[in-house]
Asker: 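Take a look at this one; I'll ask things after.
As a basis for the values below, the full set of heavy atoms in this structure was taken, side chains included, without hydrogen atoms, waters or symmetry mates. We count ligands from 1, going down the list as the structure has it; atoms in each ligand are counted the same way.
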Amino acid sequence: MAHGSGRTYLAIPGPSVVPDRVLNAMHRASPNIYEGEILDITFGVVADLKRVAMTSQYVAIYIANGHGAWEAAISNMFSRGDRALVAATGRFGHGWAEAVERMGVEVEMIDFGKSAPADPNRIAEALAADKAKQIRAVLVTHVDTASSARSDIAAIRAAIDATGHPALLAVDAIATIGCDEMRMDEWGIDVLVGACQKGLMLPPGLGFVWFSDRALEVSQHAGLATPYWDWRPRGQAQEFYQLFGGTAPTAHLFGLRESLTMILEEEGLPQVWGRHETLAHAVWAAFDAWGRGSDGIGLNISAPNDRGRSVTAARIGSGGAGALRKWLEVEAGVTLGIGLGMAMPTDPAYADFLRVAHMGHVNAHMLLGALATMEAGMQALEIPHGFGAMEAAAAAVAEQTRRR
Ligand SMILES: *Cc1c(COP(=O)(O)O)cnc(C)c1O
């Protein structure tokens, strides 16, 4: 008999857990979109979105998922025949590059593999080799949600600056905004891409593109921009209708108002980052302990500093990851993420990988619960593993919370 009844935990890296408060805030009749409360709420949301990205520049909101926001960013930076330098650190950089290519922009790819962050020096070398300065922008994924590799954006900016190349720096922060430290202005990011269904704790439906004054200047000549995706009216709107290029996503705006209040006013952005840091340490500690009894279990990224704080990719060999994911869903009400991009779904190795999401509305009891049920599943499925994972995960939470 299955034991999964009870409150479930969707621990896939997006969509993430939506707080009941956010769902309740969205559960409202549609407002008049020509005057009244929704206008004030929305301009407040725009201001707070800039606070979440730590920028005083511009943000455009789109009714779209992350792929839509990718495309928005591309269309405002490039013209047909331009070049883009893309750093891939797992799966998502390749996805963004495919969109760039299909839109008629030439892609120069630096593939850092599936278990390492982007190396700023190699990006600098590629820019230095571009004597004709044809590369319009460098595209980097902050945390690749497939590999959980985290790249050092400030270091990449410094490396670009050292070459004197004028390329824009565009960053996919879909897996990190509202989870891990992100300082758009301080780190010198020109274009930052986000979506609402991860750290911002909403159902999917909104994509965000923050952009700098320099990016705005470049976009004046970007030939790929079409009326809907043009970020200029959205980012500089004086009138409400300019923000969405059509009807506003009213329910999502009510929800986003609630989640931004939770992040910025109630918990506080540094505390949100700290909570994700703590939870990440607990996951890493558990995997380290499990891996000490089995050479088949291990984290995908070896250096802690190179690991994402909102998602962890790991391996449990001999099909253990796939079996464990199934067991958890049926017996414990926990849904873990599939191993994305590590092996083809037709390859038996596909079942060796999984991801634990710890992004957004997650606290220690949810995550320690997920880890403890993973341990129970390993016992039930007789997956060889080391002992002491629960003590190690608990100690990681204790240690991180003691420090504050
Ligand atoms: C989720 C995610 C995407 C894709 O977002 P969709 O909403 O699924 O289109 C892109 N990049 C990163 C880093 C992500 O985590």
Side-chain angles (χ1 to χ4, degrees), residues 10-18 52-53 60-75 84 86-100 102-103 111-112 114-118 138-153 156 169-182 184 189 191-210 229 249 252 255-256 259 276 280 300-301 306-313 335-342 353-360 362:
L10 182 67
I12 64 172
S16 65
V17 173
V18 182
V52 167
I61 309 175
Y62 298 91
I63 299 175
N65 59 18
H67 282 68
W70 271 349
E71 204 161 315
I74 295 163
S75 68
V86 182
T89 52
R91 178 67 208 117
F92 287 88
H94 291 285
W96 203 4
E98 283 155 20
V100 171
R102 281 198 56 188
M103 290 170 77
D111 190 347
F112 292 96
K114 293 174 183 169
S115 53
V138 180
L139 277 52
V140 182
T141 309
H142 185 207
V143 167
D144 190 295
T145 321
S147 65
S148 65
R150 182 176 75 163
S151 294
D152 184 341
I153 302 300
I156 291 170
L169 173 58
V171 176
D172 173 351
I174 295 175
T176 45
I177 200 84
C179 302
D180 197 358
E181 189 171 358
M182 173 45 65
M184 174 168 162
I189 298 168
V191 176
L192 186 70
V193 178
C196 69
Q197 79 274 20
K198 298 190 177 175
L200 299 181
M201 308 182 289
L202 256 70
L206 298 180
F208 310 106
V209 182
W210 293 262
W229 299 107
H252 270 71
L256 188 54
S259 68
H276 284 84
N300 188 45
I301 305 294
D306 298 339
R307 295 176 189 156
R309 268 52 177 171
S310 51
V311 58
T312 298
T335 305
L336 300 180
I338 56 168
L340 192 65
M342 293 298 169
F353 300 95
L354 57 71
R355 292 171 300 157
V356 182
H358 29 98
M359 57 172 53
V362 186

Asker: State, without any angle test, whether W70 and D172 hold a side-chain donor-acceptor pair at a distance under 3.5 Å.
Answerer: yes
Asker: May I ask you to test the T312-H358 pair for a side-chain heavy-atom distance under 4.5 Å?
Answerer: yes
Asker: Under a 3.5 Å distance rule, please check whether N300 uses its side chain to pair with a backbone N or O of A313 as donor and acceptor.
Answerer: no
Asker: Indicate yes or no for a side-chain donor-acceptor contact from R91 to the backbone of D144 under 3.5 Å, with no hydrogens or angles considered.
Answerer: no
Asker: Could you please provide the protein residues found below 4.0 Å of ligand 1 on a heavy-atom basis, arranged by chain and number?
Answerer: N65, G66, H67, W70, F92, T141, V143, T145, D172, I174, A175, Q197, K198
Asker: Go through the structure and list residues passing side-chain contact (heavy atoms from CB on, under 4.5 Å) with P117, not counting sequence neighbours.
Answerer: S151, D306
Asker: Could you tell me if H276 and S310 have a donor-acceptor pair between their side chains, going purely by distance under 3.5 Å?
Answerer: no
